[in-house]
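Remarks on the structure that follows.
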Amino acid sequence: MAVEEGAEARRAELARRLSDVRARIAAACADAGRDADEVTLIAVTKTYPASDARHLVDLGVHDLGENKDQEAAPKAAELAASDAPVRWHFIGQLQRNKAKSVARYADLVHSVDSVALAAALDRAATRHRDRPLDVLVQVSLDGDLERGGAAVGADVPERELERVVAAVVESEALRLRGVMTVAPLAWDPRSAFDRLAAIAADVRREHPEATIVSAGMSADLEPAIAAGATHVRIGAALLGKRPPLR
Ligand SMILES: *Cc1c(COP(=O)(O)O)cnc(C)c1O
């Protein structure tokens with residue numbers, strides 16, 4: 001049947017791309033003198049159908065990332081119905097009015113970047129989950145807050161990152177697990193990820209449980225791993241080029 005053949009071909013393509021990405025991760029780990037199992041691959045399935053997410057789960061990827069609640073919530077429901085073992089990573093900018101929905105299915109929210117969002121997620125997690133919600137604080141390295149992230153750096157009068165970290169630590173139902181960034185377009189990725197690593201070490205000194213460093217995408221996973229990333233978020237290299245956003 002044509003549909004089945006299409007599904008078979010897609011699965012084969014995803015298997016090929018997955019083995020290429022795993023090889024890149026293994027090579028980057030070898031170059032950095034790290035074990036490949038120190039790095040968790042998150043497949044970013046945004047804009048791709050739930051059927052692709054299913055193929056990836058069948059191929060052994062259990063960490064899936066999404067950046068919009070409208071898309072993530074139905075996909076998470078669809079995969080939950082099939083009992084696929086999945087950890088959902090919410091990686092996009094999050095509006096406070098979506099906190100309740102995200103708290104229901106997310107296993108790790110990477111993009112907590114304000115005290116107000118931490119408070120909204122805490123309330124949502126208290127009411128709509130039976131266990132704490134793990135979160136990362138997203139760091140804006142260049143202070144371009146349009147792209148998300150809490151600001152750091154000498155020219156920021158109040159170090160926003162510290163306030164967000166404190167809000168998470170003092171919350172009822174959130175658990176601080178580490179930090180995340182998207183490398184600024186204008187920066188050399190290696191210096192961006194080295195800077196994130198230094199920030200992660202600072203946070204970990206006070207909060208030893210904050211061991212996750214989420215950094216690296218399709219184009220820059222190697223420098224991220226060289227700088228110590230524990231989680232890489234890979235979309236295009238695994239699933240193909242996304243259709244342009246309209
Ligand atoms: C889309 C996205 C990714 C994946 O990017 P690719 O270039 O497709 O690998 C990673 N992180 C965030 C925050 C994203 O929005």
Side-chain angles (χ1 to χ4, degrees), residues 13-14 16-25 27-28 39-50 52-53 55-56 59 61 63-73 75-76 87-95 98 102 106-114 117 121 134-142 144-151 161 164 177-190 192-193 195-196 199-200 212-227 229-246:
E13 181 190 351
L14 291 173
R16 203 165 51 240
R17 288 176 171 278
L18 176 60
S19 96
D20 289 350
V21 168
R22 289 218 188 277
R24 281 177 65 190
I25 292 172
V39 177
T40 299
L41 167 63
I42 300 170
V44 179
T45 47
K46 67 186 185 198
T47 77
Y48 284 94
D52 279 354
H55 288 315
L56 287 166
L59 292 167
V61 178
D63 291 88
L64 301 180
E66 287 283 334
N67 72 335
K68 288 201 174 66
D69 176 61
Q70 311 84 286
E71 192 184 340
K75 252 184 234 176
R87 281 182 296 271
W88 287 101
H89 296 257
F90 192 87
I91 63 173
Q93 287 188 51
L94 178 53
Q95 282 158 353
K98 300 288 203 270
V102 169
D107 294 291
L108 181 63
V109 176
H110 291 227
S111 45
V112 176
D113 62 358
S114 73
L117 177 57
L121 274 175
D134 287 343
V135 304
L136 308 180
V137 175
Q138 183 177 348
V139 177
S140 169
L141 293 169
D142 63 354
D144 176 2
L145 304 185
E146 290 278 298
R147 300 182 71 220
L161 176 73
V164 181
R177 297 302 318 280
V179 294
M180 176 273 227
T181 205
V182 177
L185 291 173
W187 287 33
D188 165 53
R190 182 61 202 262
F193 296 134
R195 179 91 181 89
L196 181 71
I199 292 165
I212 294 178
V213 180
S214 169
M217 319 197 324
S218 294
D220 56 16
L221 74 86
E222 286 85 0
I225 288 172
T230 63
H231 289 59
V232 293
R233 309 177 307 266
I234 309 299
L238 272 180
L239 289 133
K241 212 161 149 18
R242 283 180 295 276
L245 295 175
R246 271 174 308 181

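For ligands, and for the atoms within them, numbers begin at 1 and follow the listed sequence. The basis for the numbers below is simple: all heavy atoms, side chains too, and nothing from hydrogens, waters or symmetry mates.
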Which pairs of N or O atoms, one from ligand 1 and one from the protein, are separated by less than 3.5 Å, and what is the distance for each pair?
from     : atom 1 : to   : atom 2 : distance (Å)
ligand 1 : 8 (O)  : A236 : N      : 2.8
ligand 1 : 8 (O)  : R242 : NH1    : 2.8
ligand 1 : 8 (O)  : R242 : NH2    : 3.1
ligand 1 : 9 (O)  : S218 : N      : 2.9
ligand 1 : 9 (O)  : S218 : OG     : 2.5
ligand 1 : 9 (O)  : G235 : N      : 2.8
ligand 1 : 11 (N) : R233 : NE     : 2.9
ligand 1 : 15 (O) : K46  : NZ     : 2.7

**Listed partners of H89 passing ring pair (Phe, Tyr, Trp, His ring centres under 6.0 Å), at least two apart** = H110
**Complete:** Taken in chain and number order and not counting sequence neighbours, the residues that satisfy salt bridge (Lys or Arg N to Asp or Glu O under 4.0 Å) with E71 are K75
**Request:** Can you see which heavy atom on V182 is nearest to which on R147, and at what distance?
**Result:** CG1-NH2, 3.6 Å
Ignoring hydrogens and angles, write down the donor-acceptor pairs under 3.5 Å from the side chains of residues 229-239, residues two or more places apart or on other chains.
from : atom 1 : to   : atom 2 : distance (Å)
T230 : OG1    : V213 : N      : 2.9
T230 : OG1    : V213 : O      : 3.3
R233 : NH1    : T181 : O      : 3.3
R233 : NH1    : S214 : O      : 3.1
R233 : NH1    : S214 : OG     : 2.9
R233 : NH2    : T181 : O      : 3.0

**Request:** Check the pair I42, L108 against side chain to side chain contact (heavy atoms under 4.5 Å, CB included), reporting the backbone distance first and the verdict last.
**Result:** CA-CA 11 Å; I42 300 170; L108 181 63; 5.8 Å; no
**Message:** One pair to check against side chain to side chain contact (heavy atoms under 4.5 Å, CB included): K98 and Q70. What are the steps and the verdict?
**Reply:** CA-CA 9 Å; K98 300 288 203 270; Q70 311 84 286; 4.0 Å; yes
